[in-house]
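Read through the structure below, which is laid out as structure tokens, and then see the notes.
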Amino acid sequence: MKDSKKAKARVEELRQLIRHHIYLYYVLARPEISDAEYDRLFNELKLLEKQHPQYIVPDSATLLVSGGVAVVAEGFAPVEHSSPMLSLDNAATEEDVREFEARMHRILPGTTFDYVCEPKIDGLGVALVYEKGKFVRGATRGDGRVGEDVTHNLRTIRNLPSVLRGPLAQYELLEVRGEVFMWKAAFQKLNRYLEEAGESPFANPRNAAAGSLRQKDSGITAKRPLDITLYQLGTATPPASFATHWEILEAFRESGLPVSREVRLCGDLDAAIAYHREMEARRNEIGYETDGVVLKVNNLDQRMTLSSTTHHPRWAIAFKFKSQEAQTRVRRILINVGRTGALTPSAEVDPVEIAGATISRTTLHNADEIARLDVREGDLVLIERAGDVIPHVVHVVPETDHKSRPRFRMPPRCPVCRGHAYRPEGEVVWRCSNAACPAQLKERLLHYGSRRVMDIEHLGEAVVYQLVDRDMVKDFADLYHLEVESLASLERLAKKSATNLYEAIQGSKRRGLSRLLFALGIRYVGENVASLLAQHYGSMDKLVGATEEDIAGIYGIGPRIAATAAEFFAQKENQRVIERLQAVGVRMTEVTAPGVKKILAGKTFVLTGALPAMSRDEAKATITRLGGRVTSSVSKKTNYVVVGTDPGSKYDDARRLGIPILDEAAFKKLIAGG
Ligand code: IVH
């Protein structure tokens with residue numbers, strides 16, 4: 001009795017919470033919780049209603065398309081959909097998905113199903129109406145029954161055809177449904193732009209897409225990088241006669257309606273599960289946000305029989321990915337000192353598992369970011385770990401105690417050397433002003449020895465920290481004066497390891513000018529710029545003697561890089577380190593294979609996707625060796641985009657901008673002359 005009373009109270013609480021969050025999500029486009037948290041609430045309610053069916057009410061969120069909240073905001077004309085735009089049922093595990101198929105087998109015993117699998121794009125559902133092939137009206141999903149008329153805004157989406165061609169152009173009336181979304185790269189660019197303009201940035205691509213599509217002024221929407229993909233056929237007059245969903249998607253493509261490149265026809269459930277696994281592994285490379293895949297029965301007759309509940313079709317399921325978010329508490333805010341003296345804050349948090357890894361530290365980027373998030377020690381925060389992105393705080397979870405905790409301030413001194421901390425004009429980072437700060441030296445040495453730089457194996461953190469703390473190394477050149485005996489005196493370094501380390505250090509003398517320039521840690525001189533400088537000058541002497549104007553004249557090097565490089569070589573301390581490196585025999589010229597023709601000189605490349613027979617580093621090295629340049633984003637100045645399997649959004653950028661696209665074979669042909 002007591003239990004059931006508790007359950008009743010919780011059911012009511014959940015219902016209210018869910019209504020509130022639906023309102024924030026759909027009406028205000030400013031959600032306060034993540035989708036994963038929303039799903040948790042929703043699933044808890046579903047479970048409680050299953051255990052206590054007496055508490056189900058007709059307007060429960062679990063029965064309605066939306067939670068029974070009117071979600072049409074003022075200012076947009078309401079549009080009634082020809083049939084409800086339903087939600088999808090969720091599956092979190094393989095077991096859930098097998099149960100989904102078992103449910104269908106209970107309705108259609110002995111039937112085999114094939115599935116169309118699609119990414120579940122995290123955007124905004126829309127319905128579009130075409131009359132005789134002309135786009136006439138488009139609406140948001142709204143509460144599933146009635147949406148908002150956003151026709152004029154949809155017209156600004158560049159890949160949405162205003163006129164259909166091919167098979168679908170003939171229909172008197174045709175309704176198609178899909179998702180409006182924003183690519184992650186475009187979203188980041190938009191946020192940078194908004195911040196520069198003094199406006200508040202969007203929390204994620206979905207909010208950015210929703211906010212942009214629901215603009216009163218289409219002029220603003222037109223400037224927003226929205227994209228659309230279609231995945232469902234609604235009503236058609238005269239009625240359409242497709243037999244499968246796959247045929248529909250093909251007709252979409254032929255008519256010019258964009259369909260996701262990731263859709264796949266799977267012969268059975270095992271193939272669909274394999275698709276889910278593959279997409280989950282690639283989810284961070286796809287270029288847009290997706291939290292799962294949708295499995296849809298392909299055969300339309302089977303769908304008719306299976307039919308729908310008031311909430312979702314029985315022939316489809318959203319098979320979610322593992323959540324990449326979790327809540328945890330901030331223990332302390334710490335400051336890390338980088339090799340350029342940058343003071344970077346991070347949060348030490350209560351350890352929490354996200355997508356298979358235990359997280360106890362997250363980056364906080366810089367003081368501005370902390371101020372924006374208003375993170376304070378002791379706060380409950382939502383953190384996200386997405387693939388190769390460093391775990392970061394998404395937002396602070398509202399709590400009444402938050403305000404009583406002290407606001408975070410950057411410390412006035414470097415936490416390691418107590419040197420004066422300052423924020424240079426026009427920069428977001430704070431820096432330690434002490435060039436001799438041991439923390440900076442440690443980071444510089446670690447960079448110097450890392451694999452892509454001077455490649456000194458065994459020169460790890462434990463060794464570097466001791467070398468600096470015992471005053472055995474004060475600059476790069478000191479490394480080469482270390483003897484086996486002195487290395488063997490370090491803690492946890494046996495004679496054998498000391499010999500290996502000694503040999504690795506000596507071996508690094510032969511790396512060549514390009515790697516050495518990267519190793520010196522000159523600001524803005526990364527791998528690419530170092531290689532351009534090395535190729536242009538060929539030797540350190542020539543480079544040290546070059547003027548700023550001279551350096552700025554190199555193709556691919558801008559004035560800011562030229563100024564910092566020239567300033568670096570003009571400084572006495574730096575010249576002295578270079579002389580000492582030279583004296584111990586560190587190679588000061590570029591290692592180039594004889595007879596290489598610079599056939600790619602002046603050409604800029606962007607690489608995307610995996611090349612079948614060549615690693616990305618190899619392709620990059622080849623391009624630079626032949627005088628070309630590799631950049632990370634596609635612009636009008638890009639000459640070629642080399643595309644492998646599973647390319648990211650760069651492929652789409654290239655197509656949009658009409659940049660020549662090369663596959664591996666074409667790329668090999670191009671470089672064959674070098
Ligand atoms: S099918 C009745 N396919 O997810 C079938 N929906 O949670 C419903 N979504 O409102 C739509 N990607 O906005 C479908 N490939 C996809 C989807 C997708 C994203 C969204 C859609 C829908 C929501 C349901």
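As the structure lists them, so they are numbered: ligands from 1, and atoms in each ligand from 1. Residue numbers count from 1 along this sequence.
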Does ligand 1 have an atom that lies less than 4.0 angstrom from a heavy atom of Gly144?
no
Using a plain distance cutoff, I'd like to know if Val294 has any nitrogen or oxygen under 3.5 Å from a nitrogen or oxygen of ligand 1.
no
Can you name the closest pair of heavy atoms from Leu48 and Ala7 and give their distance?
CD2-CB, 4.3 Å
No-hydrogen, no-angle side-chain donor-acceptor test under 3.5 Å, Ser255 and Tyr130:
no
For ligand 1, the portion of Ser308 having any non-hydrogen atom under 4.0 Å away:
neither
Test your reading of the structure: does Leu124 have an N or O sitting under 3.5 Å from an N or O of ligand 1?
no
Side chains of Ser218 and Asn153: do they bring a donor and an acceptor to under 3.5 Å?
yes
Taking 4.0 angstrom as the limit and counting only heavy atoms of Glu118, give me the atoms of ligand 1 inside it, by number and element.
3 (N), 15 (N), 16 (C)
Could you list which atoms of ligand 1 come closer than 4.0 Å to a heavy atom of Pro119?
12 (N), 15 (N)
I want to check something: taking the side chain as every heavy atom from C-beta on, are Arg15 and Glu49 in contact at a cut-off of under 4.5 Å?
yes
Any N or O of Gln232 closer than 3.5 Å to N or O of ligand 1
no
Side chain, backbone, both or neither: His312 near ligand 1, heavy atoms under 4.0 Å
neither
Less than 4.0 Å is my threshold; does some heavy atom of Ala318 fall inside it relative to ligand 1?
no
Would you tell me whether Ser87 and Arg141 have side-chain atoms, one donor and one acceptor, within less than 3.5 Å of each other?
yes
Ligand 1 versus Met85: contacting region, heavy-atom distance under 4.0 Å
neither
Arg303 (side chain) donor-acceptor with Val297 (main chain) under 3.5 angstrom
yes
Does the side chain of Asp652 pick up a donor-acceptor pair with the side chain of Trp183 at under 3.5 Å?
no
Atom indices of ligand 1, in the order listed, that fall short of 4.0 Å to a heavy atom of Ile121:
12 (N), 19 (C)
Ligand 1-proximal atoms of Glu179, by part, heavy-atom distance under 4.0 Å
side chain
To the nearest 0.5 Å, atom CD of Gln232 lies from atom CG of Leu249 at 10.5 Å
Looking at Gly125, which atoms of ligand 1 are within less than 4.0 Å of one of its heavy atoms?
13 (O)
Side chains of Ser82 and Glu175, donor plus acceptor under 3.5 Å
yes
Modelled atom types, side-chain donor and acceptor of Glu118 and His245, under 3.5 Å
yes
If you count the atoms of ligand 1 from 1 in the order shown, which ones are under 4.0 Å from a heavy atom of Pro313?
2 (C)
Compute the shortest N/O to N/O distance between Trp315 and ligand 1 and return yes if it is under 3.5 Å, no if not.
no
